[in-house]
Amino acid sequence: MALRLFNTLSAKVEEFQPQQDHLVRMYSCGPTVYDYGHVGNFRTFVFVDILRRFLQQSGYELKHVMNITDVDDKIIRNAAKQGVTVGEYTKKYEQAFREDMQTLSLETPELIVRATENIPDMAAFIAGLEQKGYAYRADDGSYYFRIAKFPEYGKLSKKDFAGMEVGARVDVDEYDKDNARDFALWKAPKPGEAWWDTAIGAGRPGWHIECSVMARKFLGDTLDMHLGGEDLIFPHHENEIAQSEALTGKPFARFWVHARFLLVEGEKMSKSLGNFYTLRDLVLKGHKPSSIRYLLASVPYRRQLNFTFGGLKQAASSVERLRNFKLRLETGHFEPGSNPKIAALAQTARECFTATLADDLNTAEALAAVFDMVREVNAAADAGEVRKNDIPPLLAVLTQFDQIFDVLRDTDAPKIERILEWAQKEGNLDGVSNGRADVYGTLTSKVSDQGVEELIAKREAARRARDFKASDAIRAQLAEAGIIVEDTKDGVRWKRK
RNA sequence: GGCGCGGUACCCAAGUGGUAAGGGAGAGGUCUGCAAAACCUUUAUACGUGGGUUCGAUUCCCACCCGCGCCUCCA
């Protein structure tokens, strides 16, 4: 089924087809590594991840490039404040970002590229623009893009700059720009700032040039899709289009897809409102990475997602329900044979799941398709209508689901542990809420699977002897270690909290 | 001010010109030694407010109210 996506450029939902058979060349704007990533950042990255995974599930091969912006005003300022070089400063946050990607089970793009490692290419790109008259050099050695020469400027963000008069609104400190809207391609060095010596002179790149240059270098003149958060539409992506199309004369990207901003507790996330959370903050408050990923993925990317702590708890319950269902299929006892009714349920779920995702990545409806199956199969299993041969197709649906959502495999514990270690090292445990105790409880238990099995065997013996006092004591002991014991009609099963 | 998006039950959140998915939570029940898990039943005379179009609107149009985004580097 063909994927339909909302293309910001056309402002319509369009059917996506790559230029070349089954290869998708995509570029997504990665982080500026000046601090730890926050939930808002990750809403966008989770969207990109879901899209990546669905494309792959649909049979496409990906060549996905993501940039790391490792030089900009904020980085230069913060590095200077700490008295370290830009490289030293960004290394730490790039590493942190990569760890955060793992925490959220985000797939690694085929290529991650750093701005600072492609400076000569940027200089050459700017020189090319200057040659064609799209760029000019200011007195101080900075380069600007001449917007007046690119009539299509504004086509992505739907802004009309036609009435803008050249020089009309130039600020006094921007005297060397021809037009106030002209944006910097290259910034001349300032005292104490990082700079590079290049063919077009000394300085550092402007914000937009890195993406135009690296996208072209690694993916070619025309991308299949270019992704990012909605705030990047203007000016970032608009400027990328101007730079790239001015130079190559070809469309820069066929699809522009943007994720909507989220709200936190119903309000815009901001430090002043006190609702600003990094991924690490949330984990330290006792929320599992799988809950966070689920919540971020469960609302379609073009909807304003209201990220709340209540929602996080709900997400945890939803994930738990799915994991329980999987456990039931894997550990339950079913009579031999097969039931066509169950096969039909699996088939319907499979088809709906794909169809809803293909419809502009409607993750909410895709989840509904899976939950419909869960409910109906659970009911059928209770009625003894599920047979052994029905299990593989049902598990196949869950596999298909998890290829996209990736929350069924329980990998939370080691991730939480890593963040706790980091927090202890950084002395960041102050202000961590009660959730911490739970997290610690789970992690410090460290009971081996074998140890659990032994205790459960002991408990079973006690239960058979109808010594419920003893068996309940063992269950409580396990619970303290973060192990949940469940007595099903098919026998005992256990899981880690 | 300009442009754009949204307001659906206790919470999160789909969707449709013909009378409302899914998840969570709550209540009652089944199962269980007890729990847990699971299942069943139940919880929106109605989709921000007021008009209009229509045989019929939550779904289309207009106005208003509220929230959100972009309009100089915030995903």
Side-chain angles (χ1 to χ4, degrees), chain A residues 8 11 28-32 37-48 69 72-74 154 157-161 169 171 174 180-181 183-184 206-208 227-236 238-239 258-263 266-271 276 294-295 298-300 302-325 327-328 332 352 356 362-372 374-383 463 466-469 471-472 475-476 479 484-490 492-495:
Chain A
T8 307
S28 66
C29 283
T32 300
H38 56 71
V39 255
N41 297 124
F42 288 109
R43 152 63 150 186
T44 299
F45 295 126
V46 166
F47 146 67
V48 171
T69 300
D72 86 328
D73 293 350
K74 219 173 299 185
S157 54
K158 319 289 177 239
K159 291 181 193 307
D160 184 9
F161 295 102
R169 288 178 56 231
D171 292 347
E174 291 179 315
R181 286 281 176 189
F183 58 90
W207 176 33
H208 320 290
L227 319 166
E230 64 168 338
D231 61 311
L232 298 182
I233 295 170
F234 190 90
H236 187 51
E238 194 72 69
N239 290 352
H258 296 97
R260 185 112 203 246
F261 267 31
L262 53 65
L263 258 42
E267 290 185 291
K268 182 183 175 170
M269 180 170 71
S270 74
K271 284 181 178 162
F276 186 95
Y294 182 94
L295 179 56
S298 64
V299 178
R302 284 206 289 140
R303 288 289 187 149
Q304 190 174 57
L305 180 164
N306 187 9
F307 191 93
T308 65
F309 288 102
L312 232 25
K313 287 206 187 85
Q314 293 174 13
S317 300
S318 300
V319 170
E320 201 49 35
R321 174 145 192 232
L322 293 169
R323 286 180 181 173
N324 278 327
F325 177 71
L327 200 60
R328 181 177 197 180
C352 285
T356 53
N362 193 334
T363 48
E365 280 211 294
L367 285 171
V370 172
F371 277 106
D372 280 340
V374 169
R375 178 172 20 78
E376 292 179 51
V377 171
N378 267 326
D382 279 1
R463 288 184 73 218
R466 301 195 70 77
D467 182 355
F468 295 121
K469 201 171 168 187
S471 70
D472 286 352
R475 185 167 65 192
I484 295 166
V485 183
E486 295 171 357
D487 302 319
T488 73
K489 67 179 173 185
D490 298 322
V492 190
R493 70 182 193 191
W494 64 275
K495 61 190 178 187

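Proteins come first, then strands; the chains are lettered A, B, ... in the order of their sequence lines, and each starts at number 1.
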> If you look at every strand shown and take non-hydrogen atoms under 4.0 Å, does A/F234 touch a base, only sugar-phosphate, or nothing?
Replying inline: sugar-phosphate
>> Can you tell me if A/K74 touches the phosphate of B/rC74, counting only side-chain N or O atoms and a distance under 4.0 Å to OP1 or OP2?
In response: yes
>> From C-beta outward on A/N41, which listed nucleotide comes closest to its side chain: B/rA21, B/rA37, B/rA75?
In response: B/rA75
> What's the closest nucleotide to the A/D472 side chain, out of B/rA37, B/rC68, B/rC34?
Replying inline: B/rC34
> Which is true for A/G40 with a 4.0 Å heavy-atom rule: it touches a base, it touches only sugar-phosphate, or it touches nothing?
Replying inline: base
> According to a strict under-4.0 Å criterion, is A/N378 in side-chain N/O contact with OP1 or OP2 of B/rC39?
Replying inline: yes
> Looking only at side-chain N and O atoms, does A/R321 come under 4.0 Å of OP1 or OP2 in B/rG23?
Replying inline: yes
> Mind checking who B/rG67 pairs with, Watson-Crick or G-U wobble, both distances under 3.5 Å?
Replying inline: B/rC5
> Which nucleotide in the set B/rG15, B/rA13, B/rC73 lies at the smallest distance from any side-chain heavy atom of A/D72?
Replying inline: B/rC73
> Quick one: does A/R302 reach the base of B/rC5 with a side-chain donor-acceptor pair under 3.5 Å?
Replying inline: no
> Between B/rA37, B/rG67, B/rA35, which nucleotide has the shortest distance from any of its atoms to the side chain of A/N324?
Replying inline: B/rA37
> To the nearest Å, how far apart are A/H258 NE2 and B/rC68 C1'?
Replying inline: 17 Å
>> Side chain of A/E365 only, heavy atoms from C-beta on: which candidate in B/rA14, B/rC68, B/rA37 is closest?
In response: B/rA14
> Is A/E320 salt-bridged to A/K495, going by a charged N under 4.0 Å from an acidic O?
Replying inline: yes
> With respect to the side chain of A/A368, which nucleotide from B/rA21, B/rA36, B/rC68 is positioned closest?
Replying inline: B/rA21
> In whole Å, what separates the C1' atom of B/rA20 from that of B/rU45?
Replying inline: 12 Å
> If you measure from the C1' atom in B/rC62 to the same atom in B/rC70, how many Å do you get, rounded?
Replying inline: 25 Å
> In Watson-Crick or G-U wobble terms, both distances under 3.5 Å, what is the partner of B/rC73?
Replying inline: none
>> Base of B/rG15, side chain of A/N362 - is there a donor-acceptor contact under 3.5 Å?
In response: no
> Can the positive tip of A/K159 be found less than 6.0 Å from the middle of the six-membered ring of A/F234, inside 45° of the ring normal?
Replying inline: yes
>> Counting the atoms with a prime plus P, OP1 and OP2 as sugar-phosphate, which does A/V485 contact under 4.0 Å by heavy atoms, base, sugar-phosphate, or nothing?
In response: base
>> Between B/rG28 and B/rG33, how many Å separate the two C1' atoms, rounded to a whole number?
In response: 23 Å
>> So A/D372, base contact, sugar-phosphate only, or nothing? Heavy-atom distance under 4.0 Å.
In response: sugar-phosphate
> Which listed nucleotide (B/rG22, B/rC68, B/rC71) is nearest to the side chain of A/R375?
Replying inline: B/rG22
> Is any side-chain N or O of A/S317 closer than 4.0 Å to OP1 or OP2 of B/rA25?
Replying inline: yes
> Using 4.0 Å as the upper bound for N to carboxylate O, is an ion pair formed by A/R463 and A/D487?
Replying inline: yes
>> In whole Å, measure the gap between the C1' atoms of B/rC66 and B/rG48 for me.
In response: 8 Å
> In Watson-Crick or G-U wobble terms, both distances under 3.5 Å, what is the partner of B/rA25?
Replying inline: B/rU43
> Which of these nucleotides, B/rC68, B/rA14, B/rG33, is closest to any side-chain atom of A/F468?
Replying inline: B/rG33
>> Taking A/R375 first and then A/D372, would you say they form a salt bridge - that is, a charged N and a carboxylate O separated by under 4.0 Å?
In response: yes
> Quantified in whole Å, what is the P atom distance between nucleotide B/rU54 and nucleotide B/rA14?
Replying inline: 32 Å
> When the C1' atoms of B/rA25 and B/rG15 are considered, how many whole Å apart are they?
Replying inline: 23 Å
> Is the aromatic ring centre of A/F371 closer than 5.5 Å to the centre of the six-membered base ring of B/rG22, with the two planes inclined by less than 30°?
Replying inline: no
> Does any nucleotide pair with B/rU32 by Watson-Crick or G-U wobble geometry, both distances under 3.5 Å, and what is it?
Replying inline: none
> Where the side chain of A/A364 is defined as all heavy atoms beyond and including C-beta, which of B/rA21, B/rA36, B/rG33 is the nearest nucleotide?
Replying inline: B/rA21
>> Need one value for A/I233: base, sugar-phosphate or nothing, where a base atom within 4.0 Å counts as base even if backbone is also close, heavy atoms only.
In response: nothing
>> Applying a 4.0 Å non-hydrogen cut-off, can you work out what A/P31 is touching in the nucleic acid: base, sugar-phosphate, or nothing?
In response: nothing
> Does the pair A/D231/A/R260 count as a salt bridge with the N-to-O cut at 4.0 Å?
Replying inline: no
>> Nearest to the side chain of A/D73, heavy atoms from C-beta on, is which of B/rC73, B/rA35, B/rU72?
In response: B/rC73
> Would you say the base of B/rG23 and the side-chain of A/Q314 have a donor-acceptor pair closer than 3.5 Å?
Replying inline: yes
> Once the angle between the rings of A/H236 and A/H208 is folded into 0 to 90°, is it parallel (under 30°), tilted (30 to 60°) or perpendicular (over 60°)?
Replying inline: tilted
> What integer number of Å spans the C1' atoms of B/rU42 and B/rC3?
Replying inline: 46 Å
> Base, sugar-phosphate, or nothing: which does A/L262 touch, judged by heavy atoms less than 4.0 Å apart?
Replying inline: base
>> Just to be sure I understand the rule, does A/R466 reach a base, reach only the sugar-phosphate, or reach nothing, if contact means heavy atoms closer than 4.0 Å?
In response: sugar-phosphate
> Does any N or O donor sit under 3.5 Å from an N or O acceptor when you compare the side chain of A/D382 with the base of B/rC40?
Replying inline: no
> Could you state the CG-P distance from A/D231 to B/rC68, rounded to the nearest angstrom?
Replying inline: 17 Å
> Quantified in whole Å, what is the P atom distance between nucleotide B/rA44 and nucleotide B/rC34?
Replying inline: 33 Å
>> For a quick check, tell me whether the side chain of A/R303 and the base of B/rC68 share a donor-acceptor pair closer than 3.5 Å.
In response: no
>> For a quick check of understanding: with a heavy-atom distance under 4.0 Å over all strands, which category does A/H208 fall into, base, sugar-phosphate or nothing?
In response: nothing
> Considering every strand shown, what is the Watson-Crick or G-U wobble mate of B/rU16 when both distances are under 3.5 Å?
Replying inline: none
>> Categorize A/F261 for me: base, sugar-phosphate, or nothing, with a 4.0 angstrom heavy-atom threshold over every strand shown.
In response: base
> Expressed in angstrom and rounded to an integer, what is the separation of A/K268 atom NZ from B/rC66 atom C1'?
Replying inline: 17 Å
> Between the base of B/rA36 and the side chain of A/R475, is there a donor-acceptor distance below 3.5 Å?
Replying inline: no
>> Heavy atoms only, 4.0 Å cut-off, all strands: where does A/A379 land among base, sugar-phosphate and nothing?
In response: sugar-phosphate
